[in-house]
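None of these values were measured; they are calculated from a predicted model.
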Amino acid sequence: MSDSQYWAQRIHNDSNAATEKLFEIRKRLKVFRDDPGTIQTNPKGAFDEFLRCMNETVDFCTDMKRKYVPDAKNSGVDQAASREVKRLQEKAQSLEDRLAEALKAKDQALNRLSDIQCRLLKQGNPDIADLSDDNRPTNLGQNFKGLYEDEWTDALTFLTENRKERISDEKAIETLYKLVQKCNSLCEEGVALQSARVAELVISPDLAGSPILDGQTPSSVNQLPAKALTTNPALNIPVNAAGSNHTRAGFASSMSAATTNRTQDVQIQQLSKTVVMRRNKPIEQQGQGKEKALEGAIKDFCKNVAPMVIEQFNIKTLIKNINSTQEFPADIFENKDVLKFLTKCVRLCWLMQSQYPPMMLDFSHKPGDPFNKDILTAYSARGPRIAFIVWPPVNLHKGGPLVSKGYAEGKNP
């Protein structure tokens, strides 16, 4: 639109507005012209209305004129004030932006500091629970108690009532108690071995072998089964559930190289024993410095992958290991209730042994010992002495507080 067209349109619009305004004023004044009696009836009201009409007419015309002929004196002042207002608005916006960035940086720094403090507090300190962890010790203790109340009861019913060769309640309880011991020992050794192997790879990275490039596969990888990770065939620990096929193969081949070498096997077994000894030391006796930091990182890794590990357990292979000495009748492992009990038991034991430090199932109570009501709950009969143990109590760690009570049969002296 050209300037002439713009001004023509503007004048046309303002003329229409002026006409409408003047017509409105004329309509209001026409009452006094056509009916003078109205003025005589209410002279004060007529005067005020007339004055309002005049003021509105003057104000309208003044505003309309200012659009076309601005006052030079006031125009300069208005422009200077506008510039100052704009400058201050821009400065205020800049300060608001800087404040928002500073607050955001502060929140990020506080979050990082809080995360560091939380990790430092929790490192090696099982008394501080991570509420976001579904497998925290309190939950595991509750689940272990639930195992006793549900799966243990079903397995006991099978042994005492539904099995062809029924056994007494006390004998069945003893059998299930020993199965829990076996599961716990198996998991303790498995977690220690897992930690030792991870530590061996960290300390001796040459065990990892040459890097596997795309399209290349070392011959050693082709010679290794996918699940050949540990020397204990009952623990089918996943090689690297989150990694690529090449990563899994490379890690598995390095494990195979380590296990096929007798000298390295001895070293790993010694390291495994060291890990078990350190795991069972009270917290205050554990070392400080880089060694403790490395151990903590490895334990955190083993704890984090534990939920994936337990999904890979092969219950049939586990049973062969549990009953390697033929201590238990083979037919009980064919019952679904017993299998369900063992599956959940070994999973919970692995998760408890993967804590840092590991949770402790207390098997130290023996028949004839004093019945400690703070640790044990009576099974069916009460008494000052223990007749037999039914279910082990669980501690947060060795020498730590009680997480879940055990069960025992009481008797009188």
Could you pull out all residues at least two apart from Gln89 that satisfy side-chain hydrogen bond (donor to acceptor under 3.5 Å, both in side chains)? none
For Ser364, check side-chain hydrogen bond (donor to acceptor under 3.5 Å, both in side chains) against everything at least two apart and list the hits.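 Counting only residues at least two positions away or on another chain, Ser364 forms a side-chain hydrogen bond (donor to acceptor under 3.5 Å, both in side chains) with Asp362.
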Taking only residues two or more places apart in sequence, or in another chain, which ones meet [X] in a salt bridge (Lys or Arg N to Asp or Glu O under 4.0 Å)?
X: Glu409; result: none
X: Glu311; result: Arg347
X: Lys366; result: none

According to ring-ring contact (aromatic ring centres under 6.0 Å, His included), who are the partners of Tyr407, at least two apart in sequence or on a separate chain?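 Partners of Tyr407 under the ring-ring contact (aromatic ring centres under 6.0 Å, His included) test: Tyr148.
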Under the ring-ring contact (aromatic ring centres under 6.0 Å, His included) rule, collect the residues that match up with Phe363, sequence neighbours excluded. Tyr177
Any salt bridge (Lys or Arg N to Asp or Glu O under 4.0 Å) pairs touching residues 175-184, not counting sequence neighbours?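 Matches after skipping sequence neighbours: Glu174-Lys178, Lys178-Glu327, Lys182-Glu327.
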Please list all pairs passing the salt bridge (Lys or Arg N to Asp or Glu O under 4.0 Å) test where one or both residues lie in residues 369-389, with sequence neighbours left out.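 Applying salt bridge (Lys or Arg N to Asp or Glu O under 4.0 Å) to every pair that reaches into residues 369-389, excluding sequence neighbours, yields nothing.
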Distance-only criterion, 3.5 Å: show the donor-acceptor pairs between side-chain atoms of residues 331-338 and protein atoms not counting sequence neighbours.
{"residue": "Asp331", "atom": "OD1", "partner": "Arg163", "partner atom": "NH2", "Å": "3.0"}
{"residue": "Asp331", "atom": "OD2", "partner": "Arg163", "partner atom": "NE", "Å": "2.8"}
{"residue": "Asn335", "atom": "OD1", "partner": "Asp337", "partner atom": "N", "Å": "2.9"}
{"residue": "Asn335", "atom": "OD1", "partner": "Val338", "partner atom": "N", "Å": "3.1"}

side-chain hydrogen bond (donor to acceptor under 3.5 Å, both in side chains) contacts in which one or both residues fall within residues 92-101, not counting sequence neighbours: Gln93-Asp97
With sequence neighbours left out, what residues match Asp14 under side chain to side chain contact (heavy atoms under 4.5 Å, CB included)?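 Counting only residues at least two positions away or on another chain, Asp14 forms a side chain to side chain contact (heavy atoms under 4.5 Å, CB included) with Arg10, Met64, Lys67, Tyr68.
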